[in-house]
Amino acid sequence: MSAERAGHTSVVLDGKAVRDQILGELRVRVERLQKIRRPPGLAVVLAGRNPASEIYVRNKVKACEQLGIYSEKHTPPDTISTEELLAMVERLDAREEIDGILVQMPLPSQVEARRILTAIRPDKDVDGFHPVNVGNLVANLPGPRACTPSGIIELLKRYRIPIAGRHAVVVGRSDIVGKPMALLLLHENATVTICHSRTRELAAECRRADILVAAIGKPALITRDFVKPGAVVIDVGMNRLDDAQAAAIFGTTPARTLIGDAHPVQIPEIAGAYTPVPGGVGPLTIAMLMANTVRAAELHTGCCA
Ligand code: NDP
């Protein structure tokens with residue numbers, strides 16, 4: 001992967017370029033599946049009307065279309081019960097041509113999300129959230145991995161950023177980003193520190209990082225003081241700002257309204273490499289969802305597995 005240089009010597013890690021590379025590789029595997037067996041199939045379930053979720057789902061379906069993956073979207077109403085959603089997942093579990101099932105979070109409040117996620121067959125769990133797959137991740141056994149953290153590992157590898165022996169600090173301990181990120185870095189032989197809202201001396205912990213991953217959901221929390229000069233900063237956060245917040249962060253530079261957890265002006269001045277927001281981690285998440293779906297299809301069809 002070639003490196004675009006920002007102001008001083010900081011490398012901008014281009015998530016869109018890595019995404020395109022990954023999708024290009026997947027296209028070949030999808031064509032092989034289509035020719036020898038059948039296209040991979042992904043079912044997406046979107047319960048209720050959540051504008052952000054609708055955009056995510058639309059992008060996932062679009063990525064399937066671009067790759068030649070069969071996809072179908074199920075949109076039960078906001079009022080769906082846990083039992084009804086379970087029945088829907090079980091029908092998808094039983095269908096041979098469906099390789100992956102994705103239930104978009106968050107679910108309506110009356111639905112017991114944990115029961116839904118554990119009803120998805122682990123071999124069709126393309127989000128990597130099923131406890132069986134979480135166990136596989138912990139034990140470093142094969143299985144679908146959570147998409148955002150596995151996309152970050154792909155990004156680091158394709159930019160040939162060494163991980164083994166480096167000190168990685170992950171800020172955030174959610175089940176979908178922080179925890180799996182820390183485990184994947186550990187399996188790559190990084191020395192890993194996990195930080196969260198109860199961590200003392202957060203800036204000092206972060207300054208020890210060679211690789212700093214911010215998965216917090218707090219705009220520009222990671223400022224210059226949190227970063228060792230030359231460190232790699234991976235910004236998972238996606239935060240919408242109002243005009244006043246944007247002006248406070250950007251000062252005289254043009255205001256942006258979507259920013260990450262890393263300060264968009266200060267981090268490029270101190271990091272050795274960093275992911276921008278938008279255009280960094282975000283594009284990789286869908287690419288890895290596609291990768292998990294293609295892999296599931298290969299395993300299900302016994303083709304190229
Ligand atoms: P969660 O809210 O589930 O987790 C946030 C984590 O950050 C928690 O572990 C929390 O600690 C920690 N935290 C919150 N405030 C602080 C603080 N002041 N200091 C230190 N730690 C803090 O969020 P997610 O993991 O789901 O997402 C994180 C961000 O990443 C969000 O902005 C989200 O939109 C974005 N995201 C982006 C994706 C992409 O594709 N680019 C995909 C998924 C998420 P504690 O556990 O103690 O509460």
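Start at 1 and go down the list; that is how both ligands and their atoms are numbered.
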Check whether the side chains of Thr193 and His167 place a donor and an acceptor atom closer than 3.5 Å, and report yes or no. yes
Mind checking who shares a hydrophobic cluster with Val277, ILVMFWY linked at side-chain heavy-atom distances under 4.5 Å? Tyr56, Met238, Leu258
Quick one: does any side-chain atom of Asp210 pair with a main-chain N or O of Ala231 as donor and acceptor, under 3.5 Å? no
Set of salt bridge (charged side-chain N to carboxylate O under 4.0 Å, His left out) partners for Lys157, sequence neighbours left out: Glu188
Got a list of side-chain donor-acceptor pairs under 3.5 Å for residues 136-146, not counting sequence neighbours?
unit_1	atom_1	unit_2	atom_2	d
Asn136	ND2	Val132	O	3.4
Asn136	ND2	Asn133	OD1	3.4
Arg145	NH1	Leu141	O	2.9
Arg145	NH2	Leu141	O	2.7

Counting only non-hydrogen atoms and a 4.0 Å cut-off, the residues near ligand 1 are Thr148, Val171, Gly172, Arg173, Ser174, Ile176, Val177, His196, Ser197, Leu202, Ala215, Ile216, Gly217, Lys218, Val236, Gly237, Met238, Asn239, Val281, Gly282, Thr285
Distance-only donor-acceptor check, side chains Glu72 and His74, under 3.5 Å: yes
